Visitor: 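This is the structure, below, for whatever I ask next.
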There are 2 protein chains.
Amino acid sequence: MKIDYNKIYAADCASLLKDPKVFPSNSIDLILTSPPYADKRGKNYNTITEKDYVEWFLTISKELLRVLKKDGSFILNIKEGIKNHERKTYVLELILALKKQGWLWLEEYHWVKTNSFPGSWQTHFRDGWERCLHFSKTKDINFYKENVKVPIGEWSIKRFENKITNHDKSRHYSNTNSGFSRQVDNWSGKNSVDPDNVLAFATESSNKRHSAAFPVALPAWFIKLLTKKNDLVIDPFIGSGTTAIAAKSLNRSYIGIDILKKNVKIANERLKEQTLQSPSP
Amino acid sequence: MKIDYNKIYAADCASLLKDPKVFPSNSIDLILTSPPYADKRGKNYNTITEKDYVEWFLTISKELLRVLKKDGSFILNIKEGIKNHERKTYVLELILALKKQGWLWLEEYHWVKTNSFPGSWQTHFRDGWERCLHFSKTKDINFYKENVKVPIGEWSIKRFENKITNHDKSRHYSNTNSGFSRQVDNWSGKNSVDPDNVLAFATESSNKRHSAAFPVALPAWFIKLLTKKNDLVIDPFIGSGTTAIAAKSLNRSYIGIDILKKNVKIANERLKEQTLQSPSP
DNA sequence: CTGCACTATGAATCGCTAA
DNA sequence: GTTAGCGATTCATAGTGCA
């Protein structure tokens, strides 16, 4: 009776999540999703208005709270738009409402888009960032920091460059096994540091056949940070399947849900392409 | 009876702002400030607790709303901290309360810091960004976009590189077919581009004689965007004077207020140094 | 004067101990 | 119970001292 892993389901996630025989309580390691934003995506989804958004989302998040493991995490990618020259407030209200529902609001990560949609208006510029809100059920979550370490900052490279100015500068650009990293190791004892809460990823190019809400690198980063191999990741608004693709390529199990059959088809095609392109080792 | 321009006053801004003979209604072009955050700066200021913060701030913002011109702007630099593994919510509540008070919330800019305070904890990383909230009284504000077009090769390119180095480093070194390099090529052709709502500036270093909450470049950017020459900029929590320095160097008038005499002294010293260093042309 | 090693510290946060 | 204080931890800068 339990749902199968590694599949995309065409269903209303609210209904599907409600059934404890389909989704047992405390069974999911990571929920990662980018729901339809208020008054957006009107062409394909039944648009949720700003006014109804919080109430609508709480009916879903109530079930998410039930199915999430105690050491699991919930990442919500969302950004309020501008209407009549003002930012909408429903996302702020949603955060407060989710806390009231029992969620802990651990952090607000920011996805900074290196190539945001162009535009320039009377009172604002183009929107270069989105919120990635991190919620959980307890303070004791899985947090695999070592999986997302980043190369050491520019400052050390500059110092290193000063060091080698009179010698062989080209070594700086050679591959990771040679000169640079080894010498930095010797010098400082480490070559990577913890990241911060600002994530910079380019949006994937819109000319691709399947435009996605976010680039694969974004869910991949959170999946690496918050789960280990064979853990279960779900996305109740999977759209074109990006979360599933990230999970699959990192050897995590996934369940994707989308209300539109069209999206399920697209997601399955992308997953199939991925299998063909990169057979697992 | 009206207050003198281009001075820093040692006073409680709430009291000083209340007097309409000192600060006439509809007389200020730009309010730009970074108030003490809740539960911070305990060494120097009377710390405002999270619980009291919104109420405390509303008494001040009520007067700010009165003195601001109809086409003026209010920029509020703030960021909530983490306590007991959760982000505090008082900033979200403040935004909602300011709207209720009559402010329009036009936009949320982000100041991304390249050198945030270090740290790495059980459930989160170090904090690499702060909010710069843009409020106004009407939808018809002065917005001098042409003043903040970004010449290539200055902070924009640095910003781009910083963003890339965090998580996308490989693309920086990849060939010209990659998204990043192609985009830089496109940019290079133009002399200037419109910015987006993400601002990247390093914090000013801690070890200088006068450490400041934010770098001069941050208020300077908003002053250029939202005022013209000889306009009046005020900062009711001026601290070490950074806003005044930015205003002065851009030939805007300023009024600074700080409750600590110590800060007024520091601000005046910095303003004097600036005069000596860069005589106006 | 330059280059390099070393040190200090900032809008930080947590866990522990002492009152 | 509740709060206040201290050390440990973390990274990017600037300042200091020495060869």
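To find a chain, count down the sequence lines: A is the first, B the second, and so on, and within it residues start at 1. Being a predicted model, the structure only gives us computed values, none of them experimental.
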Visitor: Fill in the dot-bracket string of DNA chain D, one character per base: . for unpaired, | for a pair to another strand, ( ) or [ ] for pairs within the strand, taking Watson-Crick or G-U pairs under 3.5 Å.
Guide: .||||||||.|||||||||
Visitor: Can you tell me how far C1' of C:dT13 sits from CD of B:Glu50, to the nearest Å?
Guide: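 Going from B:Glu50 (CD) to C:dT13 (C1'), I get 15 Å.
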Visitor: Send over the distance from B:Tyr90 OH to C:dA11 P, rounded to a whole Å.
Guide: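 Result: 14 Å.
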Visitor: Calculate the interatomic distance between B:Arg126 atom CZ and C:dA12 atom C1'; express it in whole Å.
Guide: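 B:Arg126 atom CZ is separated from C:dA12 atom C1' by 12 Å.
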Visitor: Is it true that B:Glu80 and B:Arg87 have a side-chain N and a carboxylate O under 4.0 angstrom from each other?
Guide: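 Answer for the salt bridge query: no.
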Visitor: Using a heavy-atom cut-off of 4.0 Å across all strands, would you classify B:Glu130 as base, sugar-phosphate, or nothing?
Guide: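 Here B:Glu130 touches the bases of the nucleic acid.
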Visitor: Could you check A:Tyr109, A:Trp111, A:Tyr144 and say which one makes a ring pair (Phe, Tyr, Trp, His ring centres under 6.0 Å) with A:Phe222?
Guide: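 The passing option is A:Tyr109.
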Visitor: Mind calculating the distance between CD (B:Glu204) and P (C:dA11) to the nearest angstrom?
Guide: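 Roughly 11 Å, once rounded to whole Å.
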Visitor: Where does the angle between the aromatic ring planes of B:Trp103 and B:Phe74 fall among parallel (under 30°), tilted (30 to 60°) and perpendicular (over 60°)?
Guide: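 Tilted, since the angle between the ring planes falls between 30° and 60°.
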Visitor: Please state the C1' separation for the pair C:dC1 and D:dC18 - nearest whole angstrom.
Guide: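 Between the two C1' atoms, the distance is 13 Å.
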Visitor: Go through the structure and list residues passing salt bridge (Lys or Arg N to Asp or Glu O under 4.0 Å) with A:Lys137, not counting sequence neighbours.
Guide: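 With neighbours one apart ignored, the set is empty.
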Visitor: With sequence neighbours left out, what residues match B:Lys83 under salt bridge (Lys or Arg N to Asp or Glu O under 4.0 Å)?
Guide: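 Scan of B:Lys83 (salt bridge (Lys or Arg N to Asp or Glu O under 4.0 Å), adjacent residues dropped) gives B:Glu50.
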Visitor: Closer than 4.0 angstrom, basic N to acidic O: yes or no for B:Lys88 and B:Glu93?
Guide: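 Result for this pair is no, no salt bridge flagged.
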Visitor: What distance, rounded to whole Å, do you find between the two C1' atoms, one in D:dG15 and one in C:dA11?
Guide: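 After rounding to an integer number of Å, I get 22 Å for this pair.
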Visitor: Report the residue (B:Pro118 or B:Glu80) whose heavy-atom-nearest nucleotide on DNA chain C is the more 5′ of the two.
Guide: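 Whichever sits nearer the 5' end wins; that is B:Pro118.
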Visitor: Anything under 3.5 Å between a protein N or O and an N or O of nucleotides 14-17 of chain C, put it in a table, one pair a line.
Guide:
unit_1 : atom_1 : unit_2  : atom_2 : d
C:dC14 : OP1    : B:His85 : N      : 2.7
C:dC14 : OP2    : B:Asn84 : N      : 3.1

Visitor: Let's see if you can work this out: which of D:dT13, C:dG10, C:dA11 has an atom nearest to the side-chain heavy atoms of B:Lys40?
Guide: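 The listed nucleotide nearest to B:Lys40's side chain is C:dA11.
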Visitor: Checking A:Lys79 now: which residues fulfil salt bridge (Lys or Arg N to Asp or Glu O under 4.0 Å) with it, not counting sequence neighbours?
Guide: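 For A:Lys79 the salt bridge (Lys or Arg N to Asp or Glu O under 4.0 Å) partners, ignoring immediate neighbours, are A:Asp127.
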Visitor: Output all residues satisfying salt bridge (Lys or Arg N to Asp or Glu O under 4.0 Å) with B:Lys113, sequence neighbours left out; order by chain, then residue number.
Guide: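 Once residues adjacent in sequence are excluded, the partners of B:Lys113 under the salt bridge (Lys or Arg N to Asp or Glu O under 4.0 Å) criterion are B:Glu130.
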Visitor: Can you measure B:Phe117 atom CZ to C:dA8 atom P for me and round it to whole angstrom units?
Guide: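 Distance check: B:Phe117 CZ to C:dA8 P gives 15 Å.
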Visitor: May I ask you to decide whether A:Asp231 forms a salt bridge with A:Arg252, counting only side-chain N to carboxylate O separations under 4.0 Å?
Guide: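 Salt bridge between A:Asp231 and A:Arg252, a charged N being under 4.0 Å from a carboxylate O: no.
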Visitor: May I have the distance from B:Tyr37 (atom OH) to C:dG10 (atom C1'), rounded to whole angstrom?
Guide: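 Between C1' of C:dG10 and OH of B:Tyr37: 13 Å.
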Visitor: Looking at B:Glu63 and B:Lys18, does any basic side-chain N land under 4.0 Å from a carboxylate oxygen?
Guide: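 Salt bridge absent between B:Glu63 and B:Lys18.
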Visitor: Among C:dT13, D:dA12, C:dA11, which nucleotide sits nearest the side chain of A:Val193?
Guide: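 Within the option list, the nearest is D:dA12.
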Visitor: If I take atom NZ in residue A:Lys139 and atom P in nucleotide C:dT13, what distance separates them, rounded to the nearest angstrom?
Guide: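 In whole Å, C:dT13 P and A:Lys139 NZ are 14 Å from each other.
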Visitor: Say we look at D:dA12 and C:dC14: how far apart would their C1' atoms be, to the nearest angstrom?
Guide: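 Those two atoms are separated by 22 Å.
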Visitor: Starting at CG of B:Asn115 and ending at C1' of D:dA12, how long is that distance when rounded to a whole Å?
Guide: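 One finds 6 Å between C1' of D:dA12 and CG of B:Asn115, rounded.
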Visitor: Between B:Ser120 and C:dA12, is there a side-chain N or O to OP1/OP2 distance below 4.0 Å?
Guide: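 Indeed not, no polar side-chain atom of B:Ser120 lies that close.
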